[in-house]
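Model, not experiment: these values are computed from the prediction.
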Amino acid sequence: MSATDILGFQHRLLSWAETQGRHDLPWQLNPTPYSVLVSEIMLQQTQVATVIPYFERWMTSFPTIDALAAAEEDHIMAHWQGLGYYSRARNLHKAARYVVEQCDGEFPSDLKGLECIPGVGRYTAGAVMSFAFDRYGPIVDGNVKRLFCRLFAIEGQLASSTVSKRLWSLAEQLTPATDQPLSNRRFAQSLLDMGATLCKPKSPDCTICPLANQCQALASNRVSELPTPKPKKTLPVKTAIFDWHLVDQEIFLVKRPADGIWGGLWCLPEYQQPLDQVAETKAIGRFRHTFSHYKLAAEVINMAQHRSEHQSGKWFALDTLATIGLPKPIKSFIEKHTAKAAD
DNA sequence: TACCCGTGGGG
DNA sequence: TCCCCAAGGGT
C-alpha cells in the first residue's frame, strides 16, 4: 500500500470508531500497564461479556501488581475459576512477580521487554504498548486476522507461517508510528472494534463498512469464504473416574498438577483404571464435558480404600469452596449432588 | 508445525 | 444438537 492509502485507511478506521466503537469497557476507563495486562490476558480466547465481571472482581481483590505478586495461588485461582485456560492465571502471577522482582516494579515499555514477561506473546506485547503506553504496538488477534484477510483477500490457513507473516507485516505497516498525530491507543481499539462488531465472522455489515471501497474480498464476492476456515477434526473421547468422599458437609479434594488439564485447581481425585478393577465401589453419578480438544466422559464413584493414597488431598467444608478454584464441571457436579443439604 | 490448554455465546 | 470461535501463549 502507498503511504496515501495507509493514511486513508487509518483515518477511515478511526473516524468510524469515533461514533461506532466501544468506549466504555471497564479496562478502557483508566488504563495502566497492570490493568491492561490483566484485561488482555483475560480476553485471550475469551469473549468480552464473559471477561467483564472477572476483571472487576480481579481489580478489586488485586488492585496493584504488588498485591498480585504477594497473593496466594489458591486465592488467585479462585478468581479465575470458570474462565478456563488456567495457565493464564498462573502466568499472570508469575508476570507480577517478574515485574516486581526483576524490573523493580516498573513495566518494560518496549515490545521486546514486554515479551519477556511470562504469558505475554507478540499480540499482548503490542496491546500493552498501544493501550497502556499509547505507543507503537502492532496487534494481530482473531479480529485483525479476519479483517485483514478480507480487506486484502488473503487465502490460506491462518496458522501457516506465510499467512501469519503477511498479517504481521500488514499490521506493522498500517499501525501509525509513535510520534504521528494518530493515537496508537485509539488505532488499536478501532481495529478490534471493527473486527468484533462490524467485520464479524458471520454476516458482516459490509453495506455500512467505511472500508468497503478498498475491501478485496467484497470486490470479488469472497467475504463469506475468508478467512480460510480451519479443517475440522472430530474430537477424541476420553474417560475418567473421579472419587467421591463426602462426610459431614466436607468433601475430599486434590490439587491438580500445574502442567495438565485444570492445572492448579482443586478437583475430586482422578483414576484412570477401568472401573471393574476397583473393588467395593458405589456409583455416585456421571457427567460429560467438552474441551477445546477432546470430550470427557466422567464417572464419579466412591472407593473407600483409595482416599488415603492422596497425601496431597485435603478436606474442604462445602461452604468454603468459593475460596479455591475448582473445574467448572466438578463444581457443578458437587453442587448438584449436595443441593438437598441446603434446603 | 501442530497440539495442548476451558468455557460459554450464538447461529 | 452441533458447530464455530472468542483481544493467544507455550512447547
Q: Ignoring the backbone of K328(A), work out which of dC5(B), dG8(B), dG10(B) is nearest its side chain.
A: dG8(B)
Q.
So that I can tick it off, tell me whether R186(A) and D134(A) are bridged by a salt bridge, with the cut-off set at under 4.0 angstrom between side-chain N and carboxylate O.
A. no
**Q.** Note: R150(A)-E225(A) ion pair, threshold 4.0 Å (strictly below)
**A.** no
Q. Between dG6(B), dG10(B), dA7(C), which one does the side chain of I261(A) approach most closely?
A. dG6(B)
Q) Choosing from dA6(C), dG8(B), dA7(C), which nucleotide comes nearest the side chain of P201(A)? A) dA6(C)
Q | From W80(A), F62(A), W27(A), residue fulfilling ring-ring contact (aromatic ring centres under 6.0 Å, His included) relative to F55(A) | A | W27(A)
Q: State whether the distance check finds a donor on one side and an acceptor on the other, under 3.5 Å, for side chain T124(A) versus base dG9(C).
A: no
Q | Base of dA6(C) paired with side chain of R146(A) (donor-acceptor, under 3.5 Å) | A | no
Q) Base, sugar-phosphate alone, or nothing: which one does K230(A) contact when heavy atoms must sit under 4.0 Å apart? A) nothing
Q. With a 4.0 Å cut-off on heavy atoms, is L265(A) in touch with a base, just the backbone sugar-phosphate, or nothing at all?
A. nothing
Q) Of all the nucleotides listed (dT7(B), dC5(B), dG8(C)), which has the minimum atom distance to the side chain of F291(A)? A) dT7(B)
Q | Q45(A) vs dG8(C): side-chain N/O to OP1/OP2 distance below 4.0 Å | A | yes
**Q.** Phosphate OP1/OP2 of dG11(B): any K200(A) side-chain N/O under 4.0 Å
**A.** no
Q: For Y86(A) and for T162(A), find the nucleotide of DNA chain B with the closest heavy atom, then tell me which residue's nucleotide is more 5'.
A: T162(A)
Q) Heavy atoms under 4.0 Å, any strand shown: does V120(A) hit a base, just sugar-phosphate, or nothing? A) sugar-phosphate
Q | Side-chain ion pair, R12(A) and E18(A), N-O less than 4.0 Å | A | no
**Q.** From dG8(C), dG6(B), dA7(C), nucleotide with atom closest to H289(A) side chain
**A.** dG6(B)
Q: Just call it for A188(A): base, sugar-phosphate, or nothing, with non-hydrogen atoms closer than 4.0 Å on any strand.
A: nothing
Q) Given dG8(B), dA7(C), dC5(B), which nucleotide is nearest the side-chain atoms of H293(A)? A) dC5(B)
Q. So what does W80(A) hit on the nucleic acid, given a heavy-atom distance under 4.0 Å: a base, only sugar-phosphate, or nothing?
A. nothing
(Q) On the nucleotide dG9(B), are OP1 or OP2 found under 4.0 Å from the side-chain N or O atoms that T50(A) carries? (A) no
